[in-house]
Each structure stands twice: as C-alpha cells, then as structure tokens.
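Throughout, protein chains are lettered first and strands after them, A, B, ... in sequence-line order, and every chain is numbered starting at 1. Predicted, not measured: the structure shown is a model, and the values here were computed from it.
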Number of protein chains: 2
Amino acid sequence: MGYHHGDLRVALIEASFASLAEYGLQRFSVAAVARRLGVSSAAPYRHFPDRDHLLSAVSAVAARELREEIVAAADAAGADEVDRLAAVAGAYVRFMTRTGAGFHVIFAAGLSALHDEERREQTRALMTTLIELAVAVEPSSYQEMLHLIQEIIAVAHGYTALLTDGFFQLSNGSAEHIATRAVRAAADLATARR
Amino acid sequence: MGYHHGDLRVALIEASFASLAEYGLQRFSVAAVARRLGVSSAAPYRHFPDRDHLLSAVSAVAARELREEIVAAADAAGADEVDRLAAVAGAYVRFMTRTGAGFHVIFAAGLSALHDEERREQTRALMTTLIELAVAVEPSSYQEMLHLIQEIIAVAHGYTALLTDGFFQLSNGSAEHIATRAVRAAADLATARR
DNA sequence: GTCTATACCGGGATAGAC
DNA sequence: GTCTATCCCGGTATAGAC
C-alpha cells in the first residue's frame with residue numbers, strides 16, 4: 001500500500017468526484033475512493049470522521065463549482081433574461097454528467113443533520129445565484145419565482161437522471177445533445193411564465 | 001421463520017414495490033423483500049434466479065400499471081390534446097411517489113440484457129401509449145414528437161427525484177402538490193411545441 | 001417449495017504499530 | 001498521518017435437510 005504525500009484531504013474530495021461520476025451516489029463508498037488514491041481504507045478516517053462528513057465536503061465543493069459554472073453560462077448566454085435563466089439547465093446537465101454531483105448529492109437528505117458551515121454557505125450562495133437569475137424573469141411573486149427555479153432544476157435533473165439511467169440509449173444520448181435540449185425546455189418554461 | 005402459503009412469486013413482486021417505495025432502488029435488496037414477507041432469504045431464489053430477474057418482473061408489472069394510470073389520467077383530463085399529454089406528468093409523479101418504480105426502475109440499465117419477453121411487451125405498450133398522446137400535440141415530426149415525450153418525462157421524473165431526495169423539504173413538498181406543478185410544467189412545454 | 005445453515009464478498013469503522 | 005489487521009454488518013447466492 002502506497003504512502004500518500006501531500007494534501008490527502010483535498011485528494012479525497014477530488015477522487016470522490018471521479019468516483020461519483022463513474023459509479024453514481026448509489027455505489028459511492030469510502031473504500032473505493034481510498035483504492036482510487038492507492039491508500040489504505042483506513043486513511044480517509046483520519047480526515048473525515050465518517051462517510052457522510054466526506055460527502056458533506058464534496059457537497060460544499062460541488063455547490064461552489066456548480067455556482068461558478070452557472071454564472072459563466074448565464075454570462076455567455078447574453079443579456080436576455082430568459083436565455084440567462086435557461087442557461088442554468090445547460091450548466092447543470094454538463095456539470096452533473098461530468099462530475100456526478102448534482103442536487104441529489106449537494107442536497108442529500110442525510111447531510112442536513114451535519115451542521116457543516118462551509119457546506120451551508122456554499123449551498124446558500126448557489127440558491128442566491130439561482131434566485132437572482134429567476135427574479136429577472138418572474139419578479140411579480142416570490143412564490144412563483146421559486147416555482148420557476150424548481151421547474152427548471154427539475155427538467156435539468158430529470159434529463160440527466162434519465163441519461164445516466166440509460167433511458168436515452170437508443171436515441172442520441174450524448175451529454176452535449178441533452179444539455180442543449182434541456183436549455184430549450186427551460187427557455188420554454190421561462191417564457192410561459194413571463 | 002414462517003412458511004409462506006400461496007403464490008410467493010406474486011407476493012415477492014408486490015413486496016418489492018413496497019420496498020422500492022420505502023427505500024428506493026439504491027437500497028433495494030432481495031433479503032429485505034424476503035424479510036418483509038416473513039420468509040427466509042433463500043426462498044426468493046426458488047422463483048427468480050437472481051436479483052435482476054426479480055427486478056425485471058417488477059419492471060414489467062410497473063410498466064403495465066403505469067400505462068393504465070396514464071390512460072386513465074388522460075381520459076380524465078378531457079378532450080384537449082395538450083391537457084391529455086400533460087396529464088402524463090401527473091400520473092407519473094403520483095405513480096412514482098406511491099410505488100417507487102419509475103422509469104429508472106422500468107428501464108434500468110442492467111435489465112436490457114435479460115430478454116424478459118413480458119417486460120419487453122409491457123414497456124413497448126407503455127411507449128406506444130405515450131406516442132399516441134404526443135402525436136396528437138406534435139404530429140409534424142416524429143423526432144420532435146419523441147423529444148416532446150422525453151421533455152415531459154424528464155420534468156416529471158426530475159420533480160419526483162428531487163422530492164424523494166428531500167430538495168423540497170422546506171417548501172410544500174406533498175406529492176399531490178408536486179404532481180399538479182408537474183402537470184402545469186408539462187402543459188407549458190406541450191403548448192410551446194404547438 | 002420452503003427451511004436452516006453457510007460460503008463468500010465488500011463496505012464502515014476502529015485498534016494499535018510505526 | 002498512514003499503515004496493517006481486524007471486527008461487524010448485511011447482501012448474494014448455494015447446499016442440503018425436510
């Protein structure tokens with residue numbers, strides 16, 4: 001068994017992303033992440049007390065990176081408010097298929113009991129960004145604006161979930177193709193609200 | 001350990017639905033289903049050679065029942081083609097939250113290698129029903145019609161996945177509420193295509 | 001057709017050596 | 001801070017008794 005030199009804590013988080021992308025959250029295991037780094041199965045427990053604390057750290061990084069990519073996608077989409085909001089769906093599909101760490105990881109049920117301050121801060125920032133993009137399209141009602149966000153996340157999450165579950169195996173199932181279709185669907189949903 | 005009297009094969013399928021609804025596909029196990037019925041963990045293997053064959057039988061029943069509920073929901077929605085197609089999303093959310101056996105179970109990746117004729121027939125019938133409802137809204141292009149179906153399945157599946165993953169925990173997360181919002185989103189998507 | 005018992009596997013987590 | 005070694009648990013699947 002090799003001896004890890006460097007920041008194993010950071011390496012564990014990075015390897016967790018690779019593991020999530022490859023196997024998904026269902027088969028995520030601390031032991032597999034350790035194997036991927038060539039360290040013993042006990043090593044991760046020096047840095048995280050248990051599996052959920054590792055996943056919580058992954059969640060915090062995922063929320064930060066997803067937020068960054070959403071901001072970049074919105075800016076690349078131009079000035080139209082609907083296009084900017086619809087870009088969220090594309091960024092989500094691309095991030096999720098690349099990293100495996102979507103909202104089901106970021107907001108995983110078991111994690112809310114952990115009181116991880118970093119994670120709390122990053123998820124809050126992510127939601128704030130989504131709200132800023134959505135109020136530009138639906139400023140009349142806070143409730144309706146929240147529903148619009150959830151609609152767009154639902155369609156983006158649904159596309160990626162069906163993609164990873166093999167539902168699109170017979171059609172053109174490339175992630176990029178699905179991303180553009182998610183953007184179109186999101187734009188239709190946003191337009192219907194305006 | 002109790003001795004099961006009656007049709008254990010059928011009972012195993014029914015108990016699998018209950019287990020899926022309670023724990024989800026991730027934690028589905030043959031042993032847990034056997035426990036639920038009060039039989040030994042070896043008993044299921046007299047009726048299904050392995051775990052995947054049990055899930056394949058569950059998939060066939062799920063496809064048939066989901067199709068029936070979709071037909072009923074469409075008929076209850078009236079004569080408008082958009083309303084009939086949008087009703088699919090509501091039926092899907094209700095079925096999925098009640099049984100846990102959505103498209104990720106019906107079309108689970110590992111099952112396509114099994115050559116279960118009953119399952120093949122039921123999934124085909126389900127897709128045919130969806131196509132009949134979608135051509136009424138988008139008759140111009142087969143490709144676009146398929147995309148419309150996938151859009152609506154995506155939004156319905158996404159809503160249910162986020163609901164079961166606890167994303168809606170702070171808002172009103174009842175299944176019925178989510179079902180009506182999925183119908184509205186589906187109607188918006190269908191209208192945008194017309 | 002179902003039981004008990006068991007082999008085997010893999011993941012979570014800990015103890016103690018270095 | 002990482003290792004080796006180990007315990008415990010639970011799932012899959014099989015063998016053989018009834």
Side-chain angles (χ1 to χ4, degrees), chain A residues 1-59 100-101 104-105 108-111 113-114 116, chain B residues 1-59 100-101 104-105 108-111 113-114 116:
Chain A
M1 190 64 63
Y3 195 101
H4 192 267
H5 298 279
D7 196 337
L8 181 57
R9 188 179 192 280
V10 169
L12 285 166
I13 294 171
E14 284 174 6
S16 294
F17 274 101
S19 206
L20 283 169
E22 195 167 344
Y23 304 113
L25 180 60
Q26 300 103 354
R27 298 187 206 179
F28 178 86
S29 83
V30 178
V33 174
R35 266 198 307 275
R36 180 181 290 271
L37 290 174
V39 298
S40 80
S41 64
Y45 292 92
R46 285 291 127 186
H47 300 272
F48 300 97
D50 56 33
R51 180 193 135 103
D52 278 354
H53 280 82
L54 171 55
L55 281 175
S56 184
V58 170
S59 165
H104 64 305
V105 171
L111 269 52
L114 249 60
D116 177 339
Chain B
M1 189 65 65
Y3 196 102
H4 192 268
H5 298 278
D7 195 338
L8 181 57
R9 188 178 193 280
V10 169
L12 284 166
I13 294 171
E14 283 174 8
S16 293
F17 275 101
S19 205
L20 282 168
E22 194 166 344
Y23 303 114
L25 180 59
Q26 300 103 354
R27 297 188 208 177
F28 177 85
S29 84
V30 179
V33 174
R35 266 198 305 277
R36 180 181 291 271
L37 289 174
V39 299
S40 79
S41 64
Y45 292 93
R46 283 291 127 186
H47 299 273
F48 301 98
D50 57 32
R51 180 193 136 104
D52 278 355
H53 280 81
L54 170 55
L55 281 175
S56 184
V58 170
S59 165
H104 64 304
V105 171
L111 268 51
L114 250 59
D116 177 340

### Query
Does anything in residues 9-18 of chain B pair up under side chain to side chain donor-acceptor pair (under 3.5 Å), and if so which pairs, sequence neighbours excluded?
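Output for this query is empty, none listed.
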### Query
Can you check side-chain contact (heavy atoms from CB on, under 4.5 Å) on A:F48 and A:I13, steps first, answer last?
CA-CA 11 Å; A:F48 300 97; A:I13 294 171; 4.1 Å; yes
### Query
Mind checking what makes side chain to side chain donor-acceptor pair (under 3.5 Å) contact with A:S56, not counting sequence neighbours?
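Applying side chain to side chain donor-acceptor pair (under 3.5 Å) to A:S56 gives A:D116.
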Quick check for you: among [options], whose closest atom lies nearest to any side-chain atom of [X]?
| X | options | value |
| --- | --- | --- |
| A:H47 | C:dG12, D:dT2, D:dG11 | D:dT2 |
| B:D50 | D:dA13, D:dT12, C:dC3 | D:dA13 |
| A:R51 | D:dG11, D:dC3, C:dG12 | C:dG12 |
| B:A43 | C:dC3, D:dC3, D:dT12 | C:dC3 |

Distance, rounded to the nearest Å, where [X] contributes [atom1] and [N] contributes [atom2]:
| X | N | atom1 | atom2 | answer |
| --- | --- | --- | --- | --- |
| A:F48 | C:dG12 | CZ | P | 14 Å |
| A:R36 | C:dG10 | CZ | P | 17 Å |
| A:L55 | C:dG12 | CG | C1' | 13 Å |
| B:L54 | D:dG11 | CG | P | 14 Å |

Could you pull out the closest heavy-atom pair between [X] and [Y], with the gap in Å?
| X | Y | answer |
| --- | --- | --- |
| A:A101 | A:L20 | CB-CD1, 4.2 Å |
| B:L55 | B:L111 | O-CD2, 3.9 Å |
| A:L114 | A:D52 | CD2-O, 3.5 Å |

### Message
Does B:R9 reach a base, just sugar-phosphate, or nothing at all? Heavy atoms under 4.0 Å.
### Response
nothing
### Query
Looking at residues 17-29 of chain A, who's got a heavy atom less than 4.0 Å off DNA chain C?
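Output list: A:S29.
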### Message
B:H53: which residues meet the ring-ring contact (aromatic ring centres under 6.0 Å, His included) condition with it, sequence neighbours left out?
### Response
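None.
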### Message
Using the ring-ring contact (aromatic ring centres under 6.0 Å, His included) criterion, which residues pair with A:H47? Sequence neighbours excluded.
### Response
none
### Query
Out of curiosity, A:L8 CG to A:R46 CZ, how far, rounded to the nearest 0.5 Å?
12.0 Å
Can you tabulate the close N/O pairs, meaning under 3.5 Å, that link protein atoms to atoms of nucleotides 14-18 of chain C?
none

### Task
Starting from the first five and the last five pairs of the helix from C:dG1-D:dC18 to C:dC18-D:dG1, work out the angle between the resulting helix axes, to 10 degrees.
10°
Pair up each side-chain donor or acceptor in residues 27-41 of chain A with any protein partner under 3.5 Å, not counting sequence neighbours, and list the distances.
from, atom 1, to, atom 2, distance (Å)
A:S29, OG, A:A32, N, 3.0
A:R36, NH2, A:E22, OE1, 2.6
A:S40, OG, A:A42, N, 3.3
A:S40, OG, A:A43, N, 3.3

